[in-house]
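Notes follow once the structure below has been shown.
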2 protein chains.
Amino acid sequence: MARTTGPRNLHGQVVQELGQMIVGGSLAPGEPLPREEALATRMAVSRTVLREALKVLAAKGLIETRQKTGMRVRETRFWNQLDADVLAWRCAAMPTDDFVDKLVEMREIVEPAAAAAAARRRDDAQLAEVAAAYQAMDEAMDLDAWAEADVRFHEAVLRATNNELLGSLFSVIQTALATYFLMSARTTANFRYSLPQHHAVYDAIRRRRPNAAADAMRGLISASRDTLKTRRAEKP
Amino acid sequence: MARTTGPRNLHGQVVQELGQMIVGGSLAPGEPLPREEALATRMAVSRTVLREALKVLAAKGLIETRQKTGMRVRETRFWNQLDADVLAWRCAAMPTDDFVDKLVEMREIVEPAAAAAAARRRDDAQLAEVAAAYQAMDEAMDLDAWAEADVRFHEAVLRATNNELLGSLFSVIQTALATYFLMSARTTANFRYSLPQHHAVYDAIRRRRPNAAADAMRGLISASRDTLKTRRAEKP
DNA sequence: ATAAATGATTTGTATGACAAATGACCCTGA
DNA sequence: TCAGGGTCATTTGTCATACAAATCATTTAT
């Protein structure tokens with residue numbers, strides 16, 4: 001959501017440009033970057049702005065700086081892979097099936113567990129939010145409304161776990177996956193096909209059945225993964 | 001590992017100081033921060049350094065800045081909860097059982113799934129690394145060596161999943177939990193008690209049995225959680 | 001040959017100035 | 001009285017310059 005409009009600040013643009021280069025592979029790990037002054041002039045910004053951007057990239061683990069030595073791209077194992085920006089840059093740079101599979105695998109791990117936790121610990125207000133989201137899905141007339149209610153549903157489930165770490169993880173993964181989804185978004189005639197599975201998740205959470213909730217969520221995700229795969233197959 | 005020595009850069013210190021204040025609650029969400037110049041003089045740094053720190057905090061989702069309006073602390077749901085620094089600051093600020101439970105829950109979700117994935121997809125070299133780490137645990141004579149081999153073991157399992165997102169998530173969680181562990185670290189006479197459970201994990205991965213690997217890992221974690229709880233109980 | 005001193009290069013920090021954005025206020029007109 | 005627009009003041013955003021600190025490479029002294 002922060003990246004929808006793109007950053008208007010200069011240092012934001014620089015962060016994005018350099019970040020995409022690094023994550024995209026134009027700048028290989030271990031490779032030294034040009035001196036600050038050279039980079040600044042090459043990107044047509046002041047050294048001040050460039051440095052603010054570099055500090056952000058360093059905070060994301062992408063680069064490291066040392067006096068006299070200069071700056072180097074760090075190895076990928078040091079990157080903050082779960083940072084929203086890093087993830088977005090990877091999505092932009094490597095729209096490979098391989099990476100999508102990794103994202104989907106994360107969802108398959110997190111969401112069933114989250115549903116189970118929600119079934120165990122949800123309070124009535126949180127259940128009501130899940131119910132409201134489900135109802136909104138049921139009443140959705142077009143794809144946009146349905147998609148929006150869908151996110152609301154999953155977010156409501158995540159909130160019901162009372163573990164904001166889970167919620168944060170989900171939202172990051174979900175945002176990354178959304179970039180692929182939007183790429184191939186089209187009005188699908190039968191977008192409501194997964195409604196009963198959503199109901200199963202809701203019902204299990206309502207009845208406080210962790211295992212049932214996890215199973216239902218697994219079914220839900222595997223279904224959505226299948227549609228994702230067919231869409232990807234359609235693309236070429 | 002990046003935070004072991006503490007940052008000796010000025011902006012690093014400022015990031016840490018302000019970050020701890022925000023995450024610790026001294027600066028409530030929605031609350032406006034002083035003007036840059038005022039903050040800079042109050043912290044005895046130049047505006048340049050302060051701004052570099054502020055950009056980093058903004059990248060972590062902790063604050064937002066707008067011209068004329070100034071800076072405000074963002075609501076907690078916008079924070080990068082999975083950022084290593086944010087997590088560390090939370091650990092420092094709220095050493096409550098509640099938060100430890102959330103971290104442990106993340107491990108309980110991620111690691112069994114990772115073990116299963118490793119059992120499915122590991123290659124021989126990755127299995128060898130797991131085996132080597134296990135052997136190092138077996139040969140460990142003191143607590144330090146054992147602890148180091150323990151991390152190596154879990155990291156080897158995570159690497160064997162071929163999903164670096166999983167690895168990144170684990171390492172962040174593990175680092176956060178380690179702060180609590182170190183706090184109450186003492187030489188425990190029977191630190192080797194979980195060796196057979198580690199062997200069970202290794203064996204299941206070797207035999208490519210995902211379900212068995214997940215189960216073994218669950219046992220392993222629940223055991224370590226119990227010791228964590230007893231240690232916490234001992235503290236007061 | 002080894003170790004210490006020196007120099008050069010790059011990032012780190014400080015300062016001052018101006019541009020851009022935007023909320024607040026005032027001023028006008030119906 | 002209220003609506004609309006325009007001006008002003010304040011705060012962040014950007015730029016330029018100068019110097020400090022660290023450290024690699026070279027040189028020099030023992």
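Chain letters run A, B, ... following the sequence lines, proteins first and then strands; every chain starts at 1.
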*asked:* Per the side-chain hydrogen bond (donor to acceptor under 3.5 Å, both in side chains) rule, what does the pair list look like for residues 18-32 of chain A, sequence neighbours excluded?
replied: none

*At the 4.0 Å heavy-atom cut-off to chain B, mark where contacts on DNA chain D begin and end, going 5' to 3'.*
D/dT10 to D/dT14

*Using heavy atoms and a sub-4.0 Å distance, could you list which residues of residues 34-42 of chain A are near DNA chain D? By number, please.*
none

*For B/E75, enumerate each residue passing the salt bridge (Lys or Arg N to Asp or Glu O under 4.0 Å) test, keeping only those at least two apart in sequence or located in another chain.*
B/R77

Counting only pairs under 3.5 Å, give me each side-chain donor-acceptor contact of residues 131-139 of chain A, with atom names and distances, residues two or more places apart or in other chains.
residue, atom, partner, partner atom, Å
A/Q135, NE2, A/E139, OE2, 3.1
A/D138, OD1, A/R192, NH2, 3.1

_Pair B/R51 + B/E36: basic N to acidic O under 4.0 Å_ = yes

*For A/H11, which residues count as a ring-ring contact (aromatic ring centres under 6.0 Å, His included) partner, sequence neighbours excluded?*
none

*For residues 47-56 of chain B, which residues have at least one heavy atom under 4.0 Å from DNA chain D?*
B/R47, B/R51, B/K55

*Respond yes when some side-chain nitrogen or oxygen of A/T69 is under 4.0 Å from OP1 or OP2 of C/dT11, and no when none is.*
no

*Does B/E105 come within less than 4.0 Å of A/R121, counting only side-chain N to carboxylate O?*
yes

*asked:* Restricting to side chain to side chain donor-acceptor pair (under 3.5 Å), what partner residues turn up for B/E17, sequence neighbours left out?
replied: none

_Side-chain donor-acceptor pair present, B/H154, B/Q174, cut-off under 3.5 Å_ = no

_Any B/H11 side-chain N or O less than 4.0 Å from OP1/OP2 of C/dT13_ = yes

_Side chains of A/W89 and A/Q16, heavy atoms from C-beta outward: is any pair under 4.5 Å?_
yes

*Sidechain N-carboxylate O distance under 4.0 Å for A/R159, A/E164*: no

Any N/O pairs under 3.5 Å between the protein and nucleotides 24-26 of chain C? List them or say none.
none

_Using the side chain to side chain donor-acceptor pair (under 3.5 Å) criterion, which residues pair with A/Q13? Sequence neighbours excluded._
none

_For B/E155, salt bridge (Lys or Arg N to Asp or Glu O under 4.0 Å) partners two or more places apart_ = none

*Hey, does the side chain of B/S46 come within less than 4.0 Å of C/dA14's phosphate (OP1/OP2), counting only N and O?*
yes

*Under the side chain to side chain donor-acceptor pair (under 3.5 Å) rule, collect the residues that match up with B/E108, sequence neighbours excluded.*
B/R225

